[in-house]
Every structure is written in C-alpha cells, then in structure tokens.
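Sequential numbering from 1 along the given sequence is applied to the chain's residues.
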Amino acid sequence: MPTALPIDASKRHIILDALRGFALLGICMANFPEFSLYSFLPAEAAASMPTSACDRVTRYLLSIFVDGKFYTIFSLLFGIGFSIIISNVTKRGGNAFAVFYRRMFILLIIGFLHLMFIWSGDILMLYALMGMILPLFIKVSDRVLLWSAAILLFLPVALDFAFEAAGVSLSAPVVDWQWRECAKVGITEDNFAYWLRDADSYRKVFDFLIQGAVVRLQEFIDGHRWFKVLGLFMIGLYIGRHRLYADIEKRKDLLRKAAAWGLCLGLPLSCLYACDSMAGYPFGTGAHSLIYFASVYLTAFGYIGAICLLYIRCRDSRCWKMLAYPGRMALTNYIGQSLIGMLIYYGTGFGFGANTGLIYVEFTVICVFIFQICFSALWLRFFRFGPLEWIWRCLTYLRFFPLRKSIVHDASGAKIAR
C-alpha cells in the first residue's frame with residue numbers, strides 16, 4: 001500500500017534551508033522592536049533615550065534593508081515547500097492534497113495558539129489560511145499562475161489609492177473593537193507601551209494579547225496582507241514547479257539579473273520608502289503602498305539572487321551549514337524567538353522592555369540568532385527534526401516518526417548518527 005512520507009533529510013537542498021535561516025534572521029530583526037516595546041513608545045520617550053541618535057539611524061536602516069523583505073522571502077519558500085510536498089507525496093502514491101490540508105490545519109492550530117498565548121504578531125495563521133487556497137492553482141498554466149500572482153501583489157496598491165480617494169477606512173470598526181478590549185482591562189494610551197514590561201503575572205500578558213489579536217486583524221486589513229502572501233505563495237509554487245532551486249549553477253544569468261536589477265533598483269526605492277515611513281507618509285497611503293510594492297519585492301529578489309550567487313561561488317563554506325541549521329528548524333525557531341522575546345522584555349521575565357534603545361535591541365537579535373544557530377546545530381546532531389517540526393510531521397502523516405537519530409558505526413568503528 002502506498003505510504004506518504006516527509007522528504008528525507010539527505011535529499012534536502014541546503015540553499016533552501018540557508019535562505020530560510022537568512023529569512024529567520026531578518027524576521028527576528030523586524031519583530032524584536034515590538035517585543036522590546038520600543039515600537040510602542042511615545043516619540044518623546046524614544047527621543048529621551050541616550051541612544052536616540054543611533055536609534056534613529058537604526059530605524060532608517062531597518063526600513064531600507066529589512067521591512068517587508070524577509071517575510072517576502074519566507075513566503076516564497078513556503079510556496080516552494082508546497083510544491084515539494086505535493087511532488088514527494090504524489091511520487092510515493094499517497095493522497096497529496098489530504099496530506100497538505102492536514103498540514104495546513106495543524107499549522108492553523110499552532111498559529112492560533114501562538115497568536116493568543118505568546119505573541120500578537122503571528123503570521124502562521126495567515127500562512128495556513130492562504131495555504132489552503134494554493135491547491136486551487138496547482139494545475140493552472142505558468143502564465144495564469146504568474147499573472148494571478150502579479151494581480152494579487154498589485155491589488156493592495158489599487159485598493160489603497162481607491163480607499164484614500166474615497167476617504168474610507170475598512171479597519172475603523174476593528175480599531176474601535178481593540179480599544180473596547182483595552183478598556184475592559186485598563187489598558188490606556190498612557191500605559192500601552194509599558195503594560196507588558198510592568199506585567200507581574202501571565203494574566204496581564206494575556207489581557208494584552210487579547211487586544212493584540214484584534215490589532216493583528218487591523219494590520220492585515222490595512223496592509224491587505226492576505227493578497228500579498230497568496231501572491232508570493234504562487235510565485236514560490238512556480239519556482240518549485242520548475243525546480244529552479246535544484247541546479248542553480250545552470251541559472252547564473254537569471255540570478256545575476258535578479259541580484260543586479262533587484263538591488264540596484266530596489267535599494268534606492270527602499271531609501272524612498274524609509275523616508276516616507278519615518279516622515280509619516282506625507283505622500284499619502286496610496287503612494288506609500290506603491291513605493292512598498294516597487295521596493296520590497298525587488299529588494300527581496302535581489303537578496304535571493306545575491307545569496308544564491310555567493311552559494312555557487314563558495315558552496316563549501318561552513319557559513320551555509322550555519323544558516324541552514326536554524327532553517328531546518330524554522331517553525332521551532334520562529335516560535336522560539338517569541339518565547340525569548342517574552343523572557344527578555346516582559347515583566348514576567350527580565351523586564352527589559354520599554355527601557356532599551358533600538359540599537360541594543362538589534363544587537364540582542366544578533367545574539368539570539370547566534371544562540372539559535374548553536375542550539376539548532378546541537379539539536380540536529382542527535383535528532384532528525386526540530387521538536388515542533390517533529391510534532392507537525394507526525395500529525396500531518398498520521399504516523400509516528402523516530403525523533404532521535406540512530407547510532408551506527410562506520411568501517412573504522414567511529415559512531416555516526418543517522
């Protein structure tokens with residue numbers, strides 16, 4: 001009887017794991033300003049910090065090099081992963097779509113638990129919901145797939161111009177809902193930035209997370225994130241369909257064009273995006289959305305092209321394995337970043353939130369990521385999957401997979417974990 005199984009570790013493509021690890025670093029850089037509560041501080045409080053000058057430069061650099069770029073890469077990799085799962089299960093004679101939908105349902109549950117009990121900035125629920133739509137496009141032509149992706153990615157720009165012209169805000173009722181939730185527990189504009197730092201019990205953290213889940217809904221509405229994520233999934237599906245990642249040496253010309261055009265056009269446009277963001281969108285929300293569209297996607301593809309070219313040039317470098325370790329445990333490390341952020345910055349942990357300049361927050365990010373590299377490398381030395389990846393696989397394929405690697409001996413008698 002045919003059996004559906006996850007892909008064997010020996011058949012993984014290190015460039016995909018390395019890109020996933022790179023994306024995790026960028027996501028951590030983007031998320032920790034909120035974990036540290038720096039993003040919530042009033043302008044006067046941020047300006048009074050001794051690091052305020054460095055913080056402003058850091059914020060500008062984050063807007064240029066980080067904002068939107070890394071979740072774009074992560075979303076593309078999700079679409080690629082979808083195509084790999086479908087191909088792998090189909091080859092083994094299993095029901096590919098049943099496996100995929102189970103996988104998405106489990107991810108939806110993990111995302112819900114993350115959103116409601118750990119951090120309001122969760123992206124996993126949206127990934128699961130949009131992922132459930134992706135199988136509808138599995139059999140469409142490349143032309144239809146890419147045009148659909150392009151329309152979905154540009155649609156937020158058109159909607160922002162239309163809503164701005166009409167003076168309409170779809171998220172206004174959600175904002176009212178958020179402040180009603182705040183009023184129930186005593187969260188106000190004055191204590192909003194300090195609530196989590198001053199929380200002396202998880203109950204107070206949970207009170208904040210309730211209203212934070214509503215804020216997350218508002219962010220998805222204002223940012224039209226569902227269209228963007230689904231469009232990126234489709235491009236990832238196209239990449240996976242043609243296995244463009246499998247033999248990147250043959251695609252040097254394409255990668256050079258992606259790196260050159262993406263970085264040479266994307267980074268200058270990202271500077272314009274950063275100026276507009278830090279000035280409070282003086283050009284309007286429609287223009288800001290257009291600048292985002294033109295800068296973020298170009299830069300993200302530029303990053304991918306440049307990293308792939310570096311990999312081709314020095315593929316024996318140990319740095320690729322270092323990036324790939326956390327990439328192989330992306331779900332565990334993504335949730336792990338949230339738990340570490342809570343431990344460092346919330347009152348239920350060390351309580352450093354709202355007191356740390358942005359420059360120090362990003363230095364902390366580097367330390368956290370180095371820790372995750374070391375932890376992932378050590379874990380994968382003895383185990384086949386990350387802890388959450390193992391649970392996800394067992395539930396997805398409805399069977400138990402050994403977690404610990406078996407120990408065998410080579411010809412010289414040395415122990416090898418497999």
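With rounding to the nearest 0.5 Å, the separation of CD1 in I15 from CD1 in I307 is 7.0 Å. In this structure, CG in L108 is found 10.5 Å from CG in L126, a value given to the nearest 0.5 Å. Annotation: the span from L155 atom CG to L159 atom CG amounts to 4.0 Å, rounded to 0.5 Å. The line from OG of S83 to OH of Y238 is 12.5 Å long, rounded to the nearest 0.5 Å. Separating the CG atom in N333 from the CZ atom in R328 is a distance of 12.0 Å, to the nearest 0.5 Å. Taken to the nearest 0.5 Å, the CG atom of L153 stands 9.0 Å off from the CE atom of M234.
Remark: R216 pairs with E219 by the salt bridge (charged side-chain N to carboxylate O under 4.0 Å, His left out) rule, at least two apart or across chains. By the side chain to side chain donor-acceptor pair (under 3.5 Å) test, S75 is found to be paired with Y127, residues two or more places apart in sequence or in another chain being considered. Under the side chain to side chain donor-acceptor pair (under 3.5 Å) criterion, T396 pairs with no residue at all, not counting sequence neighbours. Under the salt bridge (charged side-chain N to carboxylate O under 4.0 Å, His left out) criterion, R225 pairs with no residue, sequence neighbours left out. With sequence neighbours excluded, the residues that form a side chain to side chain donor-acceptor pair (under 3.5 Å) with S289 are D160. In terms of the salt bridge (charged side-chain N to carboxylate O under 4.0 Å, His left out) criterion, E34 has no residue partners (sequence neighbours excluded). A search for salt bridge (charged side-chain N to carboxylate O under 4.0 Å, His left out) contacts involving R203 returns D207, not counting sequence neighbours. The side chain to side chain contact (heavy atoms under 4.5 Å, CB included) search around D198 returns Y194, not counting sequence neighbours.
When side chains are defined from C-beta on, L388 does not count as touching Y334, because their heavy atoms never get closer than 4.5 Å. Looking only at side-chain heavy atoms (C-beta outward), D55 and M49 come within less than 4.5 Å of each other. Looking at heavy atoms from C-beta onward, F401 lies in side-chain contact with C394 at the 4.5 angstrom threshold. Under the 4.5 Å side-chain criterion, counting only non-hydrogen atoms from C-beta, Y281 is in contact with H288. The shortest side-chain heavy-atom distance between Q337 and L24 falls under the 4.5 Å cut-off.
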List the atom pairs, donor and acceptor, that lie under 3.5 Å between side-chain atoms in residues 132-140 and the rest of the protein, sequence neighbours left out.
none

Give every donor-acceptor pair under 3.5 Å between a side-chain atom in residues 340-367 and any protein atom, sequence neighbours left out.
residue	atom	partner	partner atom	Å
N355	OD1	R197	NH1	3.2
T356	OG1	F352	O	2.9
T364	OG1	Y360	O	2.8

Compile the donor-acceptor pairs under 3.5 Å between side chains in residues 61-68 and protein atoms, sequence neighbours left out, one pair per line.
residue	atom	partner	partner atom	Å
S63	OG	R59	O	3.1

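Aromatic ring pairs are classed by plane angle as parallel below 30°, tilted from 30° to 60° and perpendicular above 60°; the pair F100 and F82 is perpendicular. Ring orientation note: the planes of Y297 and F293 are nearly perpendicular, at an angle over 60° on the 30°/60° scale.
In W179, the CH2 atom is crowded: over 12 heavy atoms of neighbouring residues, nucleotides or ligands sit closer than 6.0 Å. Counting heavy atoms of neighbouring residues, nucleotides and ligands inside a 6.0 Å radius, atom CZ of F105 does not exceed 12 of them. Atom CZ of R251 is surrounded by more than 12 heavy atoms from other residues, nucleotides or ligands within 6.0 Å.
For S48 (side chain) and A45 (main-chain N/O), a donor-acceptor pair under 3.5 Å exists by modelled atom type. Side-chain atoms of Q372 do not come within 3.5 Å of backbone N or O of P326 as any donor-acceptor pair. Distance alone, capped at 3.5 Å, places no donor-acceptor pair between the E181 side chain and the I210 backbone. For the pair T299 (side chain) and V296 (backbone), a donor-acceptor distance under 3.5 Å is absent.
Of the candidates F22, Y325, Y311, W320 forms a ring pair (Phe, Tyr, Trp, His ring centres under 6.0 Å) with just one, namely Y311. Here the rule is side chain to side chain contact (heavy atoms under 4.5 Å, CB included) with S148, and of I151, L146, V144, L145 only V144 fits it.
A donor-acceptor pair shorter than 3.5 Å can be found between the side chains of S270 and K69. A donor and an acceptor atom, one from each side chain of Q218 and D222, are located under 3.5 Å apart.
Cation-pi contact between K228 and Y292: present, with separation from the ring centre below 6.0 Å and deviation from the ring axis of at most 45°.
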From CA spacing to verdict: ring-ring contact (aromatic ring centres under 6.0 Å, His included), W390, F400: CA-CA 9 Å; W390 176 67; F400 178 84; 5.7 Å; yes
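Residue pairs meeting the salt bridge (Lys or Arg N to Asp or Glu O under 4.0 Å) criterion with at least one partner in residues 253-274, sequence neighbours excluded, are D253-R256.
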